[in-house]
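A short worksheet on the structure shown next.
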Amino acid sequence: MCDLDGADPRATTRAAQLLAASVPDEAAGLVPYTLAGYHRYLAVLLGQPPAMRSVLVRALIRDGMPVAVADWRVLADTLFLNGISVAHRWRGRGWGSRLLEDGTALARSLGLPRLALDVAAANVAAVALYLRSGFTVTTESSWCHVPAREAGTADAVGRLLDWPVFCALRSAYGFADLSLRDRHGAVRVVRAVGDALRLDPELQKSTVSVAGLCELTGCRRAYVVGGASASPFISFVRMTATV
């Protein structure tokens, strides 16, 4: 395994394609991996000096191109596996397990005591792989659509704190986070990914109008992460392992 860097645009484009292929169908279009501009974002992240990166993409390279990748993020004391993928013709050779072993070694080298990841609960094969690799399930979360009848009116968005940066990043990469201050002074953050808004339950319960945010950002749909619903469209489990 080796570190992927942003010097070769063909390699970062291929890595982005592999990571996009790992996204469950239910989440397509709702995570940056599946956006056309993600490879540009990845190239910028991996263009930083290695010692300064918080995103570390480890890859198996064949004929100059990645055929298996693991996207690791340094989050406080945890090395978080944001995505992992093996090209179809290279599957069944144990490369998924080797990428996880490589991640454990990477965490040790960084002095991080814990690994973590989220995986779709319905992906039985992936859950089994992580269990065999020493991970345990710690929490569960669900993604739920915000119906139009719950979206409210378009008259209470709040004060936008970083609109120019949001617009520039979204134009370049297809996704960006927007910070705003509601009428009670609380700062809320939403993420626009493609034509969707990703919310957290606290924002959904606040005075911020989801309908107004959709109108402002040009998004056609919204969903909440971690909200209570009888019918989530996808559920994830958080799994952790000690190093």
Side-chain angles (χ1 to χ4, degrees), residues 12-13 15-17 19-47 54-55 71 73 75 80 82-83 118 120 141-236:
T12 51
T13 297
Q17 291 170 343
L19 291 168
S22 71
V23 175
D25 291 342
E26 298 88 342
L30 301 178
V31 293
Y33 285 159
T34 57
L35 301 180
Y38 186 76
H39 69 283
R40 293 191 294 272
Y41 178 76
L42 186 61
V44 171
L45 289 177
L46 300 181
S54 61
V55 174
D71 174 9
R73 310 293 174 97
L75 304 175
F80 188 86
N82 202 56
D118 289 335
S141 65
S142 296
W143 293 12
C144 309
H145 293 297
V146 177
R149 59 183 172 80
E150 296 180 9
T153 59
D155 62 356
V157 169
R159 185 174 297 277
L160 305 178
L161 302 181
D162 51 5
W163 180 252
V165 174
F166 168 79
C167 290
L169 293 176
R170 192 177 181 202
S171 176
Y173 307 127
F175 71 99
D177 291 340
L178 175 63
S179 300
L180 52 96
R181 192 182 304 277
D182 68 18
R183 68 177 66 175
H184 299 303
V187 175
R188 310 291 183 181
V189 179
V190 298
R191 169 165 287 189
V193 180
D195 68 350
L197 279 179
R198 174 175 172 146
L199 316 174
D200 64 51
E202 293 305 311
L203 184 140
Q204 191 184 19
K205 293 184 292 185
S206 75
T207 60
V208 175
S209 165
V210 177
L213 282 172
C214 286
E215 181 179 339
L216 179 72
T217 59
C219 290
R220 297 188 297 108
R221 51 184 173 156
Y223 68 101
V224 62
V225 176
S229 172
S231 56
F233 64 87
I234 190 169
S235 295
F236 290 89

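Keep in mind that the numbers below use all heavy atoms, side chains included, and drop hydrogens, waters and symmetry copies.
- Between Arg198 and Trp143, the closest heavy-atom pair is NH1-CZ2, 3.5 Å.
- Looking at Ser171, its side chain never comes within 3.5 Å of a backbone N or O of Ala168 through a donor-acceptor pair.
- Side-chain atoms of Tyr41 never come within 3.5 Å of backbone atoms of Pro32 as a donor-acceptor pair (strictly under, hydrogens ignored).
- Arg40 is linked by a side-chain hydrogen bond (donor to acceptor under 3.5 Å, both in side chains) to nothing, counting only residues two or more places apart in sequence or in another chain.
- The two residues Pro24 and Ile234 make their nearest non-hydrogen contact at CB-CD1, 3.7 Å.
- Taken to the nearest 0.5 Å, the CG atom of Asp195 stands 9.5 Å off from the SG atom of Cys214.
- Here Tyr38 pairs with Arg73 under the side-chain hydrogen bond (donor to acceptor under 3.5 Å, both in side chains) rule; sequence neighbours left out.
- The shortest non-hydrogen separation linking Val210 to Ala222 is CG1-CB, 3.8 Å.
- We find the OG1-CG distance between Thr12 and Leu45 to be 10.5 Å, quoted to the nearest 0.5 Å.
- One finds the CZ atom of Arg220 at 12.0 Å from the CG atom of Leu197 (value rounded to the nearest 0.5 Å).
- Shown here for Ala15 and Leu42, the closest heavy-atom pair between the two residues is CB-CD2, 4.1 Å.
- The nearest pair of heavy atoms linking Val55 to Leu46 is O-CD2, 3.8 Å.
- With sequence neighbours excluded, the residues that form a salt bridge (Lys or Arg N to Asp or Glu O under 4.0 Å) with Glu202 are Lys205.
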Determine, step by step, whether Val208 and Leu199 satisfy the side chain to side chain contact (heavy atoms under 4.5 Å, CB included) criterion, reporting the C-alpha distance in whole Å, the side-chain angles of both residues, the deciding distance to 0.1 Å, and the verdict.
-> CA-CA 11 Å; Val208 175; Leu199 316 174; over 6 Å; no
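- Between the SG atom of Cys144 and the OH atom of Tyr223 there is a distance of 11.5 Å, given to the nearest 0.5 Å.
- Separating the CG atom in Asp118 from the CG atom in Asn82 is a distance of 8.5 Å, to the nearest 0.5 Å.
- Taking each heavy atom of Leu35 and Phe175 in turn, the nearest pair found is CD1-CB, 3.8 Å.
- With hydrogens and angles ignored, the 3.5 Å screen pairs a side-chain donor or acceptor of Arg170 with a backbone N or O of Thr217.
- The backbone N or O of Phe166 sits nowhere less than 3.5 Å from a side-chain atom of Asp162 that would complete a donor-acceptor pair.
- Here the CD-OH distance, from Gln17 to Tyr33, works out to 14.0 Å after rounding to the nearest 0.5 Å.
- Ser141 pairs by the side-chain hydrogen bond (donor to acceptor under 3.5 Å, both in side chains) definition with nothing, not counting sequence neighbours.
- Annotation: salt bridge (Lys or Arg N to Asp or Glu O under 4.0 Å) contacts of Arg159 (sequence neighbours excluded): none.
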Under the side chain to side chain contact (heavy atoms under 4.5 Å, CB included) rule, what do Leu30 and Val193 come out as? Steps first, then yes or no, please.
-> CA-CA 6 Å; Leu30 301 178; Val193 180; 5.6 Å; no
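- The salt bridge (Lys or Arg N to Asp or Glu O under 4.0 Å) test applied to Asp177 returns Arg191, not counting sequence neighbours.
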